[in-house]
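What follows is a single structure, written as structure tokens, with notes after it.
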2 protein chains.
Amino acid sequence: MLRKVDKHSGVPAYLQIVNMIKSEILLGNLQKGSQLSSIRELQQIFDVNINTVLKALEKLKSEGYIEAEQGVGYFIKKDFDVDKKIIEIIKTCVAKLKDNSIDYYTAILIFEEVWKNE
Amino acid sequence: MLRKVDKHSGVPAYLQIVNMIKSEILLGNLQKGSQLSSIRELQQIFDVNINTVLKALEKLKSEGYIEAEQGVGYFIKKDFDVDKKIIEIIKTCVAKLKDNSIDYYTAILIFEEVWKNE
DNA sequence: TATACTGTTATATAATTATATAACACTAGA
DNA sequence: TCTAGTGTTATATAATTATATAACAGTATA
């Protein structure tokens, strides 16, 4: 789901955009050959400057996720979708955490720390 | 566990420092009254400039996590530790993901997307 | 009191990130 | 061919982030 960038998260906007589009590909919501919305539409969706969109698309292109056709649009270049099993594991975990009314930021902090320490 | 900042993650160094220290508090590894390492030691641990450490400590102070005593040091101001149950849920999830040899970056991307969409 | 630790304040410089704005080039369809 | 939509390139400006470096101020202890 492509959504507004969080301008207070500290993470650069162009990286948030890269991450959202990568997520869509990983989750299988954007498949090989799909066309992205136009740059000027993406600019509105993410609520950033056109140059910020361009910077994100440039990075995705350099990493092989998308390709550009001048005058036509941007297209998904490869499928990178992840094993459904992985998604289920994460969905189950997120559901449990939400049951315990933990907030996203705290959850991420602990997730990162646990990951890097075990 | 306080460790070197990742200079290629895109996340500003001072925020990574804030996050690491918050994590230690949330996990109960730093408790009320504990003294942090000195600024000049932290500078070496995180591998950043002293001003970057200061910016992080300033933010933690403004959020009520720590307090300063001039000439003495920085101290944890409150306990914010999280329910052990939460930590167990996350540990279990991380273990399962590692069993499936998924990398950290992919895991975080999916985690964020699942959290924000369900 | 002298010293070696603490934290604090300040200035200058550079790289990165984001914005505003404009113009240009290619493509598809009326 | 004209037009409206694509992507592309460019310039200028500002805010944020990070560095290097120096000096100052408080605390504890030998």
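None of the values given here were measured: they were computed from a predicted structure. Every chain is numbered from 1 and lettered A, B, ... according to where its sequence line falls, protein lines coming before strand lines.
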Counting primed atoms plus P, OP1 and OP2 as sugar-phosphate and everything else as base, spell out the protein contacts along nucleotides 24-30 of chain C at 4.0 Å heavy-atom distance: B, S or - for each nucleotide, 5' to 3'. -BBS---

Would A:Gln16 and A:Ser9 count as having a side-chain donor-acceptor pair, cut-off 3.5 Å? yes

Establish, with yes or no, whether the OP1 or OP2 oxygen of D:dT19 is under 4.0 angstrom from a side-chain nitrogen or oxygen of B:Lys7. yes

Take the protein atom CG of B:Leu42 and the nucleotide atom P of C:dT8, then report the distance between them rounded to whole Å. 13 Å

Taking CD from A:Gln16 and C1' from C:dT17, how many angstroms apart are they, rounded to a whole number? 12 Å

What is the distance, to the nearest angstrom, from the CG atom on A:Leu15 to the P atom on C:dT16? 13 Å

Does a side-chain N or O of B:Tyr14 approach OP1 or OP2 of D:dT19 to a distance below 4.0 Å, or not? no

Hey, which sits more toward the 5' end of DNA chain D by its nearest nucleotide, A:Lys61 or B:Pro12? A:Lys61

Euclidean distance, atom CD of residue B:Gln43 to atom P of D:dA20 [Å, nearest integer]: 9 Å

Residue among A:Tyr105, A:Phe111, A:Tyr104 satisfying ring pair (Phe, Tyr, Trp, His ring centres under 6.0 Å) with B:Trp115: A:Tyr104

Does the distance from a Lys or Arg side-chain N to an Asp or Glu carboxylate O, for B:Glu88 and B:Lys84, drop under 4.0 Å? no

Contact list please: residues 44-60 of chain B against DNA chain D, heavy atoms, distance less than 4.0 Å, in numerical order. B:Val48, B:Asn49, B:Ile50, B:Asn51, B:Thr52, B:Lys55

Residues B:Lys22 and A:Glu113 bridged, charged N to O under 4.0 Å: no

Do A:Glu58 and A:Lys61 meet the salt-bridge criterion of a basic N to acidic O distance under 4.0 Å? yes

Is the closest side-chain donor-acceptor distance between A:Thr106 and A:Asp103 under 3.5 Å? yes

To the nearest Å, how far apart are B:His8 NE2 and C:dT16 C1'? 14 Å

5' precedence on DNA chain C between B:Ser38 and A:Val11 (nearest-nucleotide basis): B:Ser38

Is there a donor-acceptor pair under 3.5 Å between the side chain of B:Asn29 and the backbone N or O of B:Ile25? no

For atom CD of B:Gln35, decide whether the heavy atoms of other residues, nucleotides or ligands shown that lie under 6.0 angstrom number more than 12. yes

